[in-house]
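The structure under discussion appears below in the form of structure tokens.
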Amino acid sequence: MHIEKYSFRDKPTNIDEEGNRKWIYAKQPHGRLYTLRTVVGWGLLIFLVMMPFITVNGYPLILLDIPDRRFIIFGAILWAQDTFILSLLMLSFVLFIVLFTVTFGRVWCGWACPQTIFLEMVFRRIEFWIEGDYKQRRRLDTTNWNFEKIWKKLAKHSLFILIALMMTNVFLMWFIGSEKWIRLIREPISEHKVGFTAMLAVSGIFYWIYSWFREQVCTMVCPYGRMQGVLLDSKSIVVSYDYKRGEPRGANEGGDCIDCRRCLAVCPTGIDIRNGTQFECIHCTSCIDECNDVMKRTGRVPGLIRYSSALGIEEKHESIWNIRNVSYTSVLIVLLGFFAYSFVSRPVIETSILRTPGLLFQENNDGTISNLYNIKIVNKSHETHNLEIKLLSHDGRIEMAGKNIILYDQELFQSTFILFIPAEQINSENMKVEFGIFEDNKLLETFNTTFIYR
Ligand code: SF4
Ligand code: SF4
């Protein structure tokens, strides 16, 4: 296959000759794919908002509880001790995104990325609704301040601020849960000055992104967007212009492209897809809808701009499978299988015992030496466990600080205990000791740590 290389521009489309930002007045999209994207986008938005209120086994469907170092996924708690399982999950997710990109280009960006969904389905729609389509918006921005401009800008930015505040609170619920969030907003602001300031700051960032920074997140900041150059190849399915059909462009030039530039007008990143795949293309498919409408009106076959690969356009090769994405899929299946196995076979309880930092040993009147320990036990099941801790390696005794070890549904138990060992059994300054965690005299788990005497 011969692909001609040429240079058509040397700067992003939203930067002018002097390096200043060029505001993009994108035309409002219409069409079948835009309708489908609206359904998908609003489905995901509803999931985003409702998710903290959906519970499984009494727990939120998903909770990213970073302060308590636990993640709840579909009612199951992954603790800090499950880092390996979480890493597998994240690795599988990254590979899933890579595989999808290799095969389907930036489908994620156009259809599922929160940045695109909020910008295209919420903020831009408010803008279309209040300020009108691209020509009216351009005119409004270039006219002097008058009553119409003042009320439209005031209404738009007030709504933007309101939505930015709502977004911050929805995201907050993903991290602290809906119940804690409801308790929080009922309490006086004076009791949460730092949290309230942080919430306002994050809302300010959201407002700034969606009112001004906009498509620059995708074209300049997002690392995923910048990786397209190495992820895509000639077989990747991307939004493509069929230059074989379209050229020579022009009203009566013989090609199907009548050079109406409507695909360019509708593009939210301001590119001309007829120049080929470009890093700014977020696969929003608005140009496909727009061009299909032009094709329909001019009595031509739709699909001049469509989902296809460079090879598909060049050689009519439409299969989406190749060695690279088959290999990625195989690795992904293995990883997911490994994740599922690790998840279902993880121990029911997991113990961590560490000597209390900064404390030395104690010599006691009864001839024993004692060390103080911190104990944490995580119950990863929904059952209640009544546990007992025993010293396995030596003939010593354990004194728990007060409470019995009872763990309810997916609970974390934390306490301290003192371990007494007769001095004659101590054979080194830093001795290894082994504990056993029992339930009904059945050994569930062992844990090794150190005992000091120096
Ligand atoms: S919308 Fe279609 S016909 Fe019009 S310029 Fe773009 S590719 Fe050509
Ligand atoms: S080129 Fe088409 S698919 Fe890509 S961002 Fe522009 S309108 Fe969306």
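Whatever order the structure lists ligands and atoms in, that order sets their numbers, starting from 1.
Under a 4.0 Å N-O distance rule, the pair D16/K22 does not qualify as a salt bridge. Between K235 and D233 there is no salt bridge, since no side-chain nitrogen of the basic residue lies less than 4.0 Å from a carboxylate oxygen of the acidic one.
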key: Derivation and outcome, side chain to side chain contact (heavy atoms under 4.5 Å, CB included), residues L140 and K153   = CA-CA 9 Å; L140 190 74; K153 293 288 176 195; 4.1 Å; yes

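The number of protein N, O or S atoms lying under 2.8 Å from atom 6 (Fe) of ligand 2 is 1.
Close contacts between ligand 1 and R261 involve ligand atoms 4 (Fe), 5 (S) [criterion: under 4.0 Å to a heavy atom]. In summary, the atoms of ligand 1 found under 4.0 Å from a heavy atom of R274, numbered by their order in the structure, are 5 (S), 7 (S). Heavy-atom proximity to M295, at under 4.0 Å, picks out these atoms of ligand 1: 3 (S). The C257 neighbourhood of ligand 1 comprises atoms 3 (S), 5 (S), 7 (S), 8 (Fe), with distances under 4.0 Å to a heavy atom of that residue. Of all atoms in ligand 1, numbered sequentially from 1 with element shown, those under 4.0 Å from a heavy atom of C260 are 1 (S), 3 (S), 4 (Fe), 5 (S). In the vicinity of C291, heavy-atom distances shorter than 4.0 Å reach the ligand 1 atoms 1 (S), 2 (Fe), 7 (S).
F413 pairs with exactly one of V378, I375, N379 by the side chain to side chain contact (heavy atoms under 4.5 Å, CB included) rule, that one being I375. For the ring pair (Phe, Tyr, Trp, His ring centres under 6.0 Å) criterion with F160, the lone passing option out of F123, Y210, W212 is F123.
Considering only non-hydrogen protein atoms, atom 3 (S) of ligand 1 sits nearest to I258 N, 3.5 Å.
At a heavy-atom cutoff of 4.0 Å, ligand 1 is contacted by no atom of L264, backbone or side chain. Heavy atoms of H283 found under 4.0 angstrom from ligand 2 belong exclusively to the backbone.
Taking 4.5 Å as the limit, some side-chain heavy atom of P268 sits within range of a side-chain heavy atom of C284.
More than 12 heavy atoms of other residues, nucleotides or ligands shown are found within 6.0 angstrom of CZ on R125. When the shell of 6.0 Å around CD1 of I323 is examined, it contains 12 or fewer heavy atoms from other residues, nucleotides or ligands. Within 6.0 Å of CD in E179 there are 12 or fewer heavy atoms belonging to other residues, nucleotides or ligands.
Evaluation of the salt bridge (Lys or Arg N to Asp or Glu O under 4.0 Å) rule for R300 yields D256 as partners, not counting sequence neighbours.
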